[in-house]
Q: 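So that we are looking at the same thing, I have put the structure below in structure tokens.
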2 protein chains.
Amino acid sequence: MSAVDRREQILVAATAVFGAKTYVGTTTDEVARAAGVSQPYVVRLFGTKEKLYIEVIQRAYAHVLEAFRTALPGPVENRGERLGAAYTGLLVERGMLPLIAGSTSMGGEAEIGRVARDGFSSLWRFARDEAGFTADEARTFFAIGMLINTVVGLRLTGDYGSEVTATEVLDECFPDAVEKVRALLPRADEPW
Amino acid sequence: MSAVDRREQILVAATAVFGAKTYVGTTTDEVARAAGVSQPYVVRLFGTKEKLYIEVIQRAYAHVLEAFRTALPGPVENRGERLGAAYTGLLVERGMLPLIAGSTSMGGEAEIGRVARDGFSSLWRFARDEAGFTADEARTFFAIGMLINTVVGLRLTGDYGSEVTATEVLDECFPDAVEKVRALLPRADEPW
DNA sequence: CGAGGTTGTTATCGAATGATTACTAGGTCT
DNA sequence: AGACCTAGTAATCATTCGATAACAACCTCG
């Protein structure tokens with residue numbers, strides 16, 4: 001397989017694993033195994049685990065931006081709904097949302113933090129400059145997005161139906177897409 | 001010093017360090033050093049690093065709940081503002097907010113995930129059952145809170161004034177408390 | 001005093017894990 | 001054919017780090 005294809009394949013696998021187990025909780029060996037390749041090879045292709053993670057979150061933020069740009073055209077009235085649906089639509093790529101959620105608590109790491117801030121900033125700039133949100137509208141839009149990230153990060157989906165809070169929160173966050181979301185998210189107890 | 005005092009002292013130190021460097025990024029040795037004690041001693045007092053972290057986040061969520069309960073009495077009109085101010089007021093305890101932010105991406109860990117979900121759930125139950133929020137109001141309230149967590153987790157405060165997005169987001173999240181927040185939050189490049 | 005409990009330390013172990021090295025198989029170009 | 005590049009692996013190293021063991025100082029109580 002060509003190196004570029006292999007890189008993409010590893011990035012996809014790494015998104016799933018990093019998304020499920022966070023940066024520190026993930027070993028390069030798990031990523032390698034998920035990609036069907038040897039551990040030294042992922043290290044050689046990406047240099048270090050940190051560089052791999054950086055590429056993974058850069059790619060993730062780029063995908064979010066792309067999904068937003070695709071969903072933007074249309075009436076202004078339901079602009080927010082369209083972009084929101086685009087965001088949850090990213091759940092089809094395994095690990096994408098948990099990964100982004102996890103990246104928002106990495107501000108303390110020098111390199112990774114900078115990349116995560118850049119990624120978030122690119123989304124905010126899109127909302128303000130391209131989508132035409134006011135600062136207040138952007139705040140509300142991103143606030144809901146971050147609540148969704150929290151729901152995903154906490155794996156509240158596993159308690160849906162059996163625990164009152166989780167059920168309420170999920171119903172509030174995904175008024176008509178709860179089942180879709182639940183199907184796509186990793187459960188708390190999901191083994192990797 | 002008595003063991004209970006020492007425990008509390010270590011919990012305070014651990015809150016700061018875990019908050020600044022996340023769970024995986026923190027070593028028990030750093031916690032010990034921050035508390036002015038030897039590394040094996042913190043391990044012996046708490047059993048494992050995981051148990052230490054669990055106590056730290058349980059304590060953190062308990063403090064949030066306590067702050068909310070204290071701020072609750074008063075007119076219903078500005079209930080949200082009071083609780084919001086109580087939340088940002090927790091910044092005086094170093095690491096508190098970044099710690100909570102970080103805990104929301106630990107749902108994938110078996111034990112820790114359960115504790116984090118319980119903590120979040122206790123806050124949501126407070127909002128619904130004690131503060132009398134509707135589900136919609138609770139969603140909005142928590143959404144803003146999670147955006148604040150994100151801002152804190154990403155360490156956007158360090159870019160305030162020099163980067164457009166960070167400036168806008170912070171102004172939106174803390175309309176009249178930006179300076180207070182900036183003074184209390186760890187910068188991205190803060191060494192530990 | 002001396003036994004025992006509490007608070008703490010130094011030294012060290014063992015496992016996990018990111019990274020490196022050295023090697024191999026297969027294709028390609030001259 | 002044979003030199004060379006690309007894709008890949010097995011084996012291994014070196015470090016980090018959580019945990020453990022063994023020991024020391026101090027207090028207290030009979």
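Lettering follows sequence order; numbering is per chain, from 1.
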Q: Taking only residues two or more places apart in sequence or in another chain, which ones pass side-chain hydrogen bond (donor to acceptor under 3.5 Å, both in side chains) with A/R6?
A: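 Once residues adjacent in sequence are excluded, the partners of A/R6 under the side-chain hydrogen bond (donor to acceptor under 3.5 Å, both in side chains) criterion are A/Q9.
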Q: Starting from C1' on D/dG18, measure out to CG on B/L52 and report it in whole angstrom.
A: 12 Å
Q: Only pairs under 3.5 Å count here: list side-chain donor-acceptor contacts from residues 56-66 of chain A, not counting sequence neighbours, and write none if there are none.
A:
| residue | atom | partner | partner atom | Å |
| --- | --- | --- | --- | --- |
| A/R59 | NE | A/E8 | OE2 | 3.2 |
| A/R59 | NH1 | A/E93 | OE2 | 3.0 |
| A/R59 | NH2 | A/E8 | OE2 | 3.0 |
| A/R59 | NH2 | A/E93 | OE2 | 2.7 |
| A/Y61 | OH | A/S103 | OG | 2.9 |
| A/H63 | ND1 | A/E93 | OE1 | 3.4 |

Q: Could you tell me whether B/R79 sits above the aromatic face of B/F133, with NZ or CZ closer than 6.0 angstrom to the six-membered ring centre and within 45 degrees of the axis?
A: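 Yes, a cation-pi geometry.
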Q: Write out all pairs satisfying ring pair (Phe, Tyr, Trp, His ring centres under 6.0 Å) with one or both partners inside residues 101-124 of chain A, taking only residues at least two apart or from two chains.
A: A/F120-A/F142, A/W124-A/F142
Q: Can you pull out the residues from residues 35-50 of chain A that lie within a 4.0 Å heavy-atom distance of DNA chain D?
A: A/V37, A/S38, A/P40, A/Y41, A/R44
Q: Need two values: the first and the last nucleotide of DNA chain C, 5' to 3', having an atom under 4.0 Å from any heavy-atom of chain B.
A: C/dT7 to C/dA11
Q: Is the shortest side-chain heavy-atom distance between A/Y87 and A/I100 below 4.5 Å?
A: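 They are in contact (side-chain heavy atoms under 4.5 Å apart), so the answer is yes.
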Q: Side-chain heavy atoms nearer than 4.5 Å, only ILVMFWY residues, links allowed to pass through others: does that put B/L83 and B/V92 together?
A: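 As far as the 4.5 Å side-chain criterion goes, B/V92 and B/L83 are connected within one cluster.
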Q: State whether the side chain of B/K49 and the backbone N or O of B/Y23 hold a donor-acceptor pair below 3.5 Å, judged by distance alone.
A: yes
Q: Within the pair B/T28 and D/dG18, is there a side-chain N or O less than 4.0 Å away from OP1 or OP2?
A: yes
Q: Quick one: which residue pairs count as a salt bridge (charged side-chain N to carboxylate O under 4.0 Å, His left out) with a foot in residues 165-176 of chain B, not counting sequence neighbours?
A: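 Residue pairs with at least one partner in residues 165-176 of chain B: A/R125-B/E168, A/R128-B/E168, A/R139-B/E172.
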